[in-house]
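Below is one structure, written out as structure tokens; the observations come after it.
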Amino acid sequence: MACASAGVVTFLIPKGTYLVGPVKFSGPCKNVSSLMVKMKGYLKASTDLSKYGSGAGWIEFRWMEGLTLTGGGTFDGRGAEAWPFNNCLDDHNCNLLPTNLKFVAMNNTVVRRITSLNSKFFHLALVQCKRFRGSNLKISAPANSPNTDGIHIDRSSNIHLSRSHIQTGDDCISIGQGNSQVTITGIDCGPGHGISVGSLGRYQNEGDVSGLVVKNCSLTGTTNGIRIKTWPNSPGSSSATNMTFKNFAMNNVSNPIIIDQSYCPFRSCSFKAPSLVKLSDIYFKNIKGTSSSKVAVALECSKGFPCQNVNLENVHLLLSSGQNHPSSTCKYVRAKYIGTQIPPPCA
């Protein structure tokens with residue numbers, strides 16, 4: 001009914017608790033200039049996995065223009081009952097559990113002041129979106145919840161994420177393939193796996209990544225800080241370029257700065273061929289705090305395509321244990337260094 005209306009339309013989900021199965025809001029809404037969804041309620045997801053398709057969303061928005069989702073409500077994915085069925089570490093072709101909120105081919109979208117709780121899989125996923133703004137989001141799941149990325153971005157452009165708190169069991173934010181002009185600022189992350197570019201290079205015909213700025217973020221107790229991850233044995237070549245990470249506060253973070261071009265999360269992996277993802281024009285500026293791992297800066301690039309133009313400026317990372325300074329490791333990269341460098345640059 002909302003999509004069939006005209007002009008400026010408001011769709012209200014009032015306060016209250018509602019049990020909801022998978023729902024798709026699909027456009028185009030030809031006569032609607034803007035759609036405001038005011039979500040004030042508490043939605044609880046069905047735990048019957050037979051109701052969901054593999055990789056589907058619990059709540060999906062598709063092919064719409066000018067959506068605003070706000071209201072202070074909560075999307076509770078009730079993931080604890082589904083996480084035991086996640087077998088993706090053992091099965092490379094596993095069935096993917098549902099994402100809490102999935103946005104597909106959306107233009108001019110605003111999402112603000114909502115909570116995503118205990119998603120079965122990713123909390124928010126953006127696929128082929130243009131001009132998306134997300135702010136004042138609260139995302140929460142336990143540190144041991146599998147594949148519960150806070151926000152995953154795929155094949156999208158002109159994305160702005162800001163002023164949000166993310167506590168989860170995987171990447172707080174993951175920037176996948178085919179993305180351009182992504183700006184992320186003011187993210188408070190932890191627990192989680194940090195803020196990641198990738199993983200890249202797993203599939204044929206992946207798009208390039210370019211124009212990424214991540215700044216003014218705080219990470220606490222995460223298993224990675226700033227991470228760029230690409231697969232070995234890439235079936236095709238792609239690139240990730242023009243990426244800036246600046247003004248980060250790291251608090252007891254393992255691997256505060258890490259480039260890993262031999263990434264593989266499965267229990268058994270093959271490293272017969274190097275990654276074919278070309279990494280270049282990468283800037284780490286004003287990265288400060290404490291590392292829970294001895295190696296605080298790891299730049300481990302691909303033998304097939306060594307990293308080009310990697311820059312570190314004013315990096316000051318001490319060991320959270322208070323012991324001697326941490327160290328750096330480098331493979332297939334000649335980084336450039338400016339200002340303070342703790343740990344010292346690779347020899």
Side-chain angles (χ1 to χ4, degrees), residues 111-119 122-124 126 132-145 148-153 159-175 182-198 212-229 243-260 282-298 311-322 325-326 328 339-343:
V111 179
R112 63 174 184 262
R113 289 202 318 109
I114 61 147
T115 295
S116 176
L117 181 65
N118 292 334
S119 182
F122 296 167
H123 288 265
L124 275 69
L126 317 182
F132 183 103
R133 290 184 174 272
S135 64
N136 298 106
L137 308 176
K138 183 178 180 182
I139 293 172
S140 181
N144 62 352
S145 57
T148 53
D149 291 39
I151 304 172
H152 178 73
I153 310 169
I159 308 300
H160 295 262
L161 304 173
S162 64
R163 302 189 307 279
S164 296
H165 296 265
I166 303 175
Q167 302 171 307
T168 195
D170 209 299
D171 295 328
C172 288
I173 298 176
S174 53
I175 299 100
V182 176
T183 300
I184 299 167
T185 182
I187 302 299
D188 185 358
C189 166
H193 293 182
I195 295 176
S196 294
V197 178
L212 170 66
V213 176
V214 188
K215 61 184 179 179
N216 305 332
C217 295
S218 175
L219 282 73
T220 301
T222 53
T223 55
N224 298 283
I226 303 161
R227 177 168 59 158
I228 301 171
K229 49 182 176 175
M243 300 182 289
T244 297
F245 307 88
K246 65 181 181 180
N247 303 336
F248 270 70
M250 306 280 187
N251 179 20
N252 196 33
V253 168
S254 185
N255 309 310
I257 297 174
I258 178 169
I259 296 176
D260 179 6
I282 303 169
Y283 300 87
F284 302 100
K285 299 181 179 180
N286 301 327
I287 313 297
K288 300 178 181 180
T290 56
S291 172
S292 62
S293 57
K294 175 66 177 174
V295 178
V297 177
N311 301 268
L312 289 87
E313 179 178 342
N314 293 331
V315 174
H316 191 283
L317 296 166
L318 301 175
L319 288 178
S320 51
S321 64
H325 289 326
S328 302
T340 301
Q341 295 297 326
I342 302 173

For a quick test of your reading: what N or O donor-acceptor pairs under 3.5 Å do the side chains of residues 250-260 make, sequence neighbours left out?
{"residue": "Asn252", "atom": "OD1", "partner": "Ser320", "partner atom": "OG", "Å": "2.8"}
{"residue": "Asn255", "atom": "ND2", "partner": "Thr223", "partner atom": "O", "Å": "3.3"}
{"residue": "Asn255", "atom": "ND2", "partner": "Asn224", "partner atom": "OD1", "Å": "3.2"}
{"residue": "Asp260", "atom": "OD1", "partner": "Ser262", "partner atom": "N", "Å": "3.0"}
{"residue": "Asp260", "atom": "OD1", "partner": "Tyr263", "partner atom": "N", "Å": "3.4"}

For residues Leu319 and Pro326, report the shortest heavy-atom separation together with the two atoms involved. CD2-CB, 3.6 Å

Between Leu312 and Gln341, does the side chain to side chain contact (heavy atoms under 4.5 Å, CB included) criterion hold? Intermediate values first, please. CA-CA 8 Å; Leu312 289 87; Gln341 295 297 326; 3.9 Å; yes

Do you know the tightest heavy-atom contact between Ser116 and Leu124? CB-CD1, 4.2 Å

Exercise: identify the closest heavy-atom pair between Ile187 and Arg163: CD1-N, 4.5 Å

The reported gap from OG1 in Thr220 to CD in Gln167 (rounded to nearest 0.5 angstrom) is 9.5 Å

Side-chain contact, heavy-atom cut-off 4.5 Å: Val297 with Phe284? no

To the nearest 0.5 Å, how far apart are CG in Asn247 and NZ in Lys215? 8.5 Å

Taking every heavy atom of Ser196 against every heavy atom of Asp171, the minimum-distance pair comes out as OG-OD1, 3.0 Å

Nearest-0.5 Å distance, CD1 of residue Ile184 to CG of residue Leu161: 5.5 Å

What distance separates Met243 CE from Ile175 CD1, expressed to the nearest 0.5 Å? 9.0 Å

Residues passing the disulfide (SG to SG under 2.5 Å) test with Cys217, sequence neighbours excluded, are none

Taking the side chain as every heavy atom from C-beta outward, state whether Val111 and Phe132 have any pair of such atoms under 4.5 Å apart. yes

Quick check for you: to the nearest 0.5 Å, what is the distance between Ile195 atom CD1 and Ile228 atom CD1? 12.0 Å

Go through the steps for Thr222 and Cys189 under the test side chain to side chain contact (heavy atoms under 4.5 Å, CB included), then give the verdict. CA-CA 8 Å; Thr222 53; Cys189 166; 3.7 Å; yes

Is the shortest side-chain heavy-atom distance between Ile173 and Ile166 below 4.5 Å? yes

Distance, nearest 0.5 Å, that separates NZ of Lys288 from CD1 of Ile342: 10.5 Å

Any donor-acceptor N/O pair, His152 side chain to Leu126 backbone, under 3.5 Å: no

Backbone of Val213 reached by a side-chain donor or acceptor of Lys246 within 3.5 Å: no

Quick one: closest heavy-atom pair of Phe245 and Leu212, and the distance? CZ-CD2, 4.0 Å

Could you tell me which non-hydrogen atom of Val295 sits nearest to which non-hydrogen atom of Ala298, and how far apart they are? CG1-CB, 4.1 Å

Can a donor-acceptor pair be found between the side chains of His316 and Thr340 at a distance below 3.5 Å? no

Sub-4.5 Å side-chain heavy-atom contact between Phe248 and Ile226: yes

Does some side-chain heavy atom of Asp149 sit less than 4.5 Å from a side-chain heavy atom of Thr168? no

Per-pair distances, 0.1 Å, donor-acceptor, side chain in residues 137-145, under 3.5 Å, sequence neighbours excluded:
{"residue": "Ser145", "atom": "OG", "partner": "Pro142", "partner atom": "O", "Å": "2.6"}
{"residue": "Ser145", "atom": "OG", "partner": "Thr148", "partner atom": "OG1", "Å": "2.8"}

